[in-house]
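Encoded as structure tokens, the structure appears first; notes follow it.
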Amino acid sequence: MANGQNAGFQQDDRLQQLSENGIDCTVITVNGARIQGKIEAFDRFVIVVRTPASKQSLIYKHAVSTIVEGMGK
């Protein structure tokens, strides 16, 4: 298995942990936008984040720079 494919599985494992445990996180996109909330669902291409205002944000994975545990400032 190539390293690129292996990294994808590690991402999914981490997203699964965040989702199952209802851990608050901040998703930072490549253009600097910060989406705070809980990972509600994800697949190969997108992540769905439920914000504290109970709204859903659909984020394409290719647009994600970083996912940080916690609701940082």
Do [X] and [Y] make a side-chain contact, defined as non-hydrogen atoms from C-beta onward lying under 4.5 Å apart?
| X | Y | answer |
| --- | --- | --- |
| Val68 | Cys25 | no |
| Arg14 | Glu69 | yes |
| Gln36 | Asp24 | no |

Contacts of type side chain to side chain donor-acceptor pair (under 3.5 Å), residue Asn21, not counting sequence neighbours: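 For Asn21 there are no side chain to side chain donor-acceptor pair (under 3.5 Å) partners, ignoring immediate neighbours.
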Partners passing side chain to side chain donor-acceptor pair (under 3.5 Å) against Ser65 (at least two apart in sequence or in another chain):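 Checked Ser65 against side chain to side chain donor-acceptor pair (under 3.5 Å); zero matches.
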Chi angles and distances behind the side chain to side chain contact (heavy atoms under 4.5 Å, CB included) call for Lys61, Asp12: CA-CA 11 Å; Lys61 282 184 172 180; Asp12 286 350; 2.9 Å; yes
Residue pairs fulfilling salt bridge (charged side-chain N to carboxylate O under 4.0 Å, His left out) with at least one residue in residues 40-50, sequence neighbours excluded: Glu40-Arg50
Remaining members of hydrophobic cluster (4.5 Å side-chain criterion), Leu15: Leu18, Ile23, Val27, Ile35, Ile39, Phe42, Ile47, Val49, Ile59, Val64, Ile67
Members sharing Leu58's hydrophobic cluster (side chains within less than 4.5 Å): Phe45, Val46, Val48, Tyr60
Closest non-hydrogen atom pair, Gly37 against Pro52: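 It is CA-CD, 4.3 Å.
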